[in-house]
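What follows is a short report on a single structure.
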Amino acid sequence: MFVMLKTMTKGIHSTLIRVEWTAAGFGLFFITLAVIGDVVMREAGTGGIQGAVSIAVLVMIMTGFLGVPLAFDDNRHLRITVFDGLWPWGAELLRRLSCLLSAGLLLCFAWYGGLFALESYELGEQTVMFSLPLWPAFAVLPYAFLSAAVRMLLYLCVPDLQRNREKDFA
Amino acid sequence: MTLFLLFVLIFLLFILRQPAFVVLGVAVGYVYLFYGSGVLVDIAQDMFTALDQDILLAVPLFICAGSLMGQGTIAVRLIDVAKQLTGFVNGGLGVAGILSCALFAAISGSSVVTLLAIGSVLYPALVREGYPRKTALGILSSSGTLGVIVPPSIPLILYGLVTQTSVLDLFLAGVLPALLITAAMVVWVLYKCRNMPRTRWNTSELVLSLRRGTFAILMPVIILGGIYSGIFTATEAAGIAVLYALLVEGLVYRELSFALLRSVVKETVVLMGVVFPILALAVSLNQFLAYENIPQMFAAALMDFTETKATFLALVIVILLITGCVMDMTPAILLLAPLLTPIAMTMGVDPIHFGIIMVVSLEIGYLTPPMGLNLFVASSSFNEDFSTVVKGSFPFVCVMFLTLVLITFIPEISLLLVSGG
Amino acid sequence: GMGTAAAVEMKYAAAAAETTPWVAEMKDQAQRIEENSGGAIKVQVFTGGALGDEVKLVQSLRRGRLQAAYVSTVPLASIVPEIGVMEAPFLWESNEERDFVMDNYLFDIYSELAEDKGLKLLAWSELGSTSLSGDRVIVKPEDVKGMRLRIPEAKSSVHYINYLGATPTTIPVLETASALQTGLVDGVFTTTIANFFFDFYKNVSHISMTEGTYYATMHLVSKKWFDGLSEEQQAAVLKDAQRTTVPGRTRLRAVTQGLAKKIEEAGVTVTYLTPEQRNVWRDHFKASNDELLDLLGGKSREVFETILKAKAEFKSSKS
Ligand code: NA
Ligand code: NA
């Protein structure tokens with residue numbers, strides 16, 4: 001029973017990682033291509049694709065927010081660690097408590113991010129040049145926070161899913 | 001009372017091991033609820049519009065280029081040249097550390113990337129040559145900070161963004177202060193390491209390293225030359241840096257592999273994930289302050305407090321140094337530049353000069369505990385005690401403080417190269 | 001108003017800097033609204049982009065976070081695309097003709113279109129007509145061929161510059177003065193006031209007052225907020241609103257002339273087109289309107305037809 005839960009947790013985690021890394025990789029590739037392409041085409045005298053850079057900025061924001069849950073996997077988010085040594089006897093309890101608390105707070109963040117994307121959908125907000133809807137870009141906010149919250153719950157079950165944990169107790 | 005509760009809440013969240021961006025998010029939510037519009041969706045709007053800026057494209061691209069060069073061979077080749085140039089004096093390898101960081105800083109916009117790229121190669125070398133660990137750590141962590149003052153620089157781009165000043169002028173203004181700080185560090189290392197070993201001057205080795213490093217050395221020339229000759233903007237330069245690094249590592253040095261690319265993508269995306277939420281939430285806090293007219297009140301209070309330009313600047317330095325102890329440079333610039341720059345301008349300080357003062361003051365913050373990014377990075381990546389890094393960096397903090405005083409009170413150091421005005 | 005009731009707060013924001021004539025106009029309007037409301041509305045003016053750039057201001061208006069804003073038509077391009085019709089190249093014969101058409105026909109049309117998108121149009125004023133700057137005298141369309149020109153990010157301006165055989169470049173305002181300095185762009189497609197306040201003129205040798213595109217500015221109120229006001233408060237906001245268009249325009253035209261003189265004194269050659277030269281430009285763009293109207297979409301064709309009719313009416317009233 002416990003083993004099955006563990007396998008399932010790992011399965012969810014690796015699927016999330018695979019999807020997010022792939023999307024982030026393509027995002028970064030697109031940003032680089034758009035900026036370089038703009039320079040090259042301008043120097044070639046063709047003037048580039050108007051609005052491509054604005055789209056690249058949206059892709060950059062999406063890629064950056066995908067980095068939020070991914071940075072949790074490597075335990076890379078900045079954190080104040082000076083209080084860590086205060087209760088050595090309760091370290092594991094504290095770790096679990098902090099996972100739960102983070103998950104709750106990140107869910108709140110996701111909720112308001114979701115409301116924002118919904119608002120934008122209702123207002124029909126668009127990009128200037130290609131008249132593309134903006135809400136899919138905004139939707140990355142709730143996604144990223146939701147995915148981060150899920151991460152927290154997964155770490156709660158299987159702590160080893162998070163790398164560099166030793167950093168916490170240095 | 002509610003403000004007191006906010007501080008208790010922040011303290012509690014840190015004790016409960018919450019990441020900085022989560023704590024910041026809760027704090028921003030708290031002030032919106034109790035002092036602002038009460039509408040928390042506003043924060044999401046701020047976060048998104050904060051990041052929806054063409055100029056910010058430079059951030060991931062510079063991180064990407066820096067990571068490509070650091071993990072590839074460009075950094076190593078730059079270091080080789082610096083070593084050949086300085087090896088013949090006592091403490092030459094230490095000086096090479098500073099010069100490599102300065103050279104690398106000319107193609108990287110970030111302090112951490114510079115420290116990692118040069119440090120990972122030079123730290124073991126310095127220790128092997130018999131340099132005390134403390135000194136070696138001090139040299140690398142402090143010269144890593146040159147990444148943000150030598151143009152191109154991400155913090156200067158952010159300063160230009162929030163104060164509506166020219167990024168190009170800011171870059172130009174950073175050149176002489178960067179040279180001054182580099183020179184001051186070199187002098188200190190030459191004194192401090194006067195008993196360290198040296199090697200014989202070897203012209204043929206130097207020529208060899210120059211030949212092997214030609215494309216690496218050309219990189220700063222191409223980046224800065226391209227910006228100033230109008231081929232690309234300061235923002236676009238970051239994209240060109242990625243392209244050049246890819247071409248050189250791939251076609252010239254043939255060190256490009258799929259594994260390297262993957263690791264570069266990973267480093268870039270993770271750093272974006274760390275920086276973006278903090279940056280976006282800091283802007284949201286800014287917007288709250290702006291809506292509530294707090295900058296104006298703050299400015300009025302500060303104007304009452306200071307009479308002359310000199311006392312104002314001295315006060316600003318103190319504020320910034322304290323801020324630098326507890327806060328990272330990115331949120332500090334985003335929070336304080338819109339607050340302080342208008343006051344500075346009414347006091348007769350040039351906004352470009354003020355940007356340099358801010359970045360240099362906060363640059364020192366990279367080396368001051370408890371929150372010193374370069375201290376963290378050096379301690380974790382070189383696997384050394386945090387307190388050893390702090391002690392090793394301390395003399396450099398003093399050296400940098402002296403140069404900060406010069407840069408603050410002699411505006412020409414910053415403004416000499418800036419034309420037009 | 002019971003006197004004891006707290007005043008309604010109206011935050012009124014612009015991206016324009018404190019020293020610009022637009023802010024003077026805003027402050028006038030703010031004062032009038034406060035007076036008309038007898039203290040029931042308290043207006044607070046925010047300038048210099050303190051509450052965000054123009055795109056964000058419009059976004060905040062539609063969400064009811066911000067109550068009022070003074071913006072150019074550029075950030076409205078993606079919300080009310082029909083706004084691009086009045087920016088069609090060489091559409092207008094004179095200030096008088098344009099004022100007549102705008103105030104008698106376009107105000108109502110655009111008010112309705114904007115209201116559908118949650119924006120209430122109080123009044124409009126102007127950003128001005130565009131000039132082309134660069135390293136050479138520009139008197140005919142061929143003179144611009146091959147130049148790289150910085151433009152605001154809008155479909156109408158991309159269309160305009162492409163149609164001249166020049167290269168449109170959308171770089172941020174912040175980087176434009178530097179881009180001129182380094183030669184990344186040869187010139188700027190913008191208004192005289194923008195040329196002055198963003199220091200664009202300092203880095204060019206020639207400015208040609210082609211006046212090809214006209215840009216309006218708008219005093220907008222959040223519909224979400226406005227609908228929640230009492231009838232008296234709504235009346236106070238609307239009372240003198242439309243009146244501001246005339247003094248606003250008069251002031252801006254005077255300011256524009258003064259700034260053009262200052263730019264000339266700074267050593268820039270300023271060229272004005274003769275009526276014959278203007279006709280050459282108009283002919284050059286004659287066939288381009290169809291393309292632009294397709295590009296803009298929405299009700300653009302209807303708006304364009306209305307403009308043509310109104311122009312004819314103005315002409316016959318003069319003869
Ligand atoms: Na740099
Ligand atoms: Na610090």
Side-chain angles (χ1 to χ4, degrees), chain A residues 21 24-25 27-29 31-32 34-36 38-39 42-43 53-54 56-58 60-61 63-74 76-84 86 94-95 97-98 101-102 105-106 108-109 112-117 119 137-138 141-142 144 164 167-168 170, chain B residues 11 13-23 25-26 29 40-45 47-48 51-54 56-61 64 226 231-233 235-236 238-240 242-243 246 262 264-266 268-278 280 328 370-371 373 376 379-380 386:
Chain A
W21 274 119
L28 199 58
F29 179 70
I31 300 165
T32 316
V35 173
I36 296 171
D38 202 46
V39 178
R42 187 180 55 223
E43 288 307 311
V53 169
S54 304
V57 174
L58 292 180
M60 170 194 78
I61 299 174
T63 311
F65 275 103
L66 284 179
V68 172
L70 292 171
F72 271 116
D73 289 332
D74 281 358
R76 287 283 293 274
H77 281 291
L78 297 176
R79 193 169 74 73
I80 290 187
T81 48
V82 285
F83 307 117
D84 282 8
L86 285 182
L94 196 60
R95 192 193 68 78
L97 199 64
S98 80
L101 181 61
S102 293
L105 292 173
L106 287 164
C108 290
F109 290 11
Y112 287 104
L115 284 183
F116 175 62
E119 246 180 34
F138 293 163
L141 263 173
N164 302 323
K167 202 178 88 177
D168 283 357
Chain B
F11 184 69
L13 288 173
F14 276 129
I15 286 190
L16 290 171
R17 308 159 49 94
Q18 297 305 301
F21 88 87
V22 173
V23 179
V26 172
L40 294 181
V41 185
D42 290 350
I43 301 172
Q45 188 204 0
M47 287 178 75
F48 215 92
L51 299 172
D52 192 5
Q53 310 275 354
D54 290 7
L56 282 185
L57 279 172
V59 175
L61 292 174
C64 190
I231 298 170
F232 36 77
T233 64
T235 315
E236 293 163 346
I240 301 301
V242 175
L243 180 66
L246 278 173
R262 245 172 78 151
V264 166
V265 169
K266 184 165 175 183
T268 310
V269 173
V270 164
L271 269 178
M272 284 165 89
V274 171
V275 172
F276 275 21
I278 292 181
D328 186 35
M371 184 84 173
L373 203 54
F376 291 145
S379 136
S380 72
F386 186 70

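What you see is a predicted model, and the numbers here were worked out from it, not measured in a lab. Letters A, B, ... are given to chains in the order of the sequence lines, protein chains preceding strands, and every chain is numbered from 1.
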Fill in the blank from the handout: All heavy atoms of Leu57(B) vs all of Ala56(A), minimum pair found to be CD2-O, 3.9 Å

Problem - Choice from Leu271(B), Val265(B), Ile278(B) maximising heavy atom contacts with chain A below 4.5 Å - result: Val265(B)

Problem - Largest heavy-atom contact set with chain B, pairs under 4.5 Å, which of Ala117(A), Gly67(A), Ala144(A), Pro142(A) - result: Gly67(A)

Handout entry: Donor-acceptor side-chain pairing of Ser102(A) and Gln18(B) below 3.5 angstrom
Key = yes

Practice task
In sequence, state the C-alpha distance, the side-chain angles, and the governing distance for Phe232(B) and Glu43(A), and then conclude on side chain to side chain contact (heavy atoms under 4.5 Å, CB included).
Solution key: CA-CA 9 Å; Phe232(B) 36 77; Glu43(A) 288 307 311; over 6 Å; no

Fill in the blank from the handout: So, the part of Ile15(B) with a heavy atom under 4.5 Å from chain A: the answer is both

Practice task
Examine whether an atom of Val53(A) lies under 4.5 Å from a heavy atom of chain B, and if so say whether it belongs to the side chain, the backbone or both; otherwise answer neither.
Solution key: both

Fill in the blank from the handout: Shortest non-hydrogen pair, Pro60(B) vs Leu28(A), comes out as CB-CD1, 4.4 Å

Problem - Which atom of Ala44(B) lies closest to which atom of Leu141(A), heavy atoms considered - result: O-CD1, 4.1 Å

Handout entry: Shortest non-hydrogen contact from Arg76(A) toward Val274(B)
Key = O-CG2, 3.6 Å

Practice task
Examine distances only and state if a side-chain atom of Arg79(A) and a backbone atom of Phe14(B) form a donor-acceptor pair shorter than 3.5 Å.
Solution key: no

Completion exercise
Smallest heavy-atom separation, Gly273(B) atom then His77(A) atom, equals O-CE1, 3.3 Å

Problem - chain B interface, residue from Ile36(A), Leu66(A), Ile61(A), Leu70(A) that has the most non-hydrogen pairs under 4.5 Å - result: Ile61(A)

Handout entry: Winner by heavy-atom pair count (cut-off under 4.5 Å) against chain B, out of Phe116(A), Phe65(A), Phe72(A)
Key = Phe116(A)

Problem - Nearest-0.5 Å distance, CD of residue Gln45(B) to CZ of residue Phe138(A) - result: 8.0 Å

Handout entry: Full working for side chain to side chain contact (heavy atoms under 4.5 Å, CB included) between Leu106(A) and Val22(B)
Key = CA-CA 7 Å; Leu106(A) 287 164; Val22(B) 173; 4.2 Å; yes

Fill in the blank from the handout: Counting heavy-atom pairs under 4.5 Å with chain A, the top scorer among Phe276(B), Phe48(B), Phe386(B) is Phe48(B)

Practice task
Measure Phe109(A) against the heavy atoms of chain B and call it side chain, backbone, both or neither at under 4.5 Å.
Solution key: side chain

Handout entry: Under 4.5 Å from a heavy atom of chain B, the part of Ala137(A) involved
Key = both

Problem - Option in Leu40(B), Thr235(B), Leu16(B) with maximal non-hydrogen atom pairs under 4.5 Å from chain A - result: Leu40(B)

Exercise for the section: Between chain A and each of Leu243(B), Ile231(B), Leu13(B), count heavy-atom pairs under 4.5 Å; write down the option with the most. Expected result: Ile231(B)

Practice task
Kindly indicate whether the side chain of Lys266(B), heavy atoms from C-beta on, has any atom under 4.5 Å from the side chain of Asp74(A).
Solution key: yes

Problem - Portion of Leu94(A) that has a non-hydrogen atom of chain B nearer than 4.5 angstrom - result: both

Fill in the blank from the handout: Answer key: most heavy-atom pairs under 4.5 Å with chain A among Asp54(B), Val275(B), Val23(B) is Asp54(B)

Problem - Proximal component of Phe29(A), with respect to chain B [non-hydrogen, under 4.5 Å] - result: neither

Completion exercise
One option among Leu97(A), Asp73(A), Thr63(A) has the most heavy-atom pairs under 4.5 Å with chain B, and it is Thr63(A)

Problem - Top of Val59(B), Asp52(B), Val242(B) for chain A proximity - count of heavy-atom pairs under 4.5 angstrom - result: Asp52(B)

Problem - Toward chain B, the part of Leu101(A) with a non-hydrogen atom under 4.5 Å - result: both

Fill in the blank from the handout: Looking only at Leu115(A), Val68(A), Leu105(A), Ile31(A), most heavy-atom pairs under 4.5 Å shared with chain B are made by Val68(A)

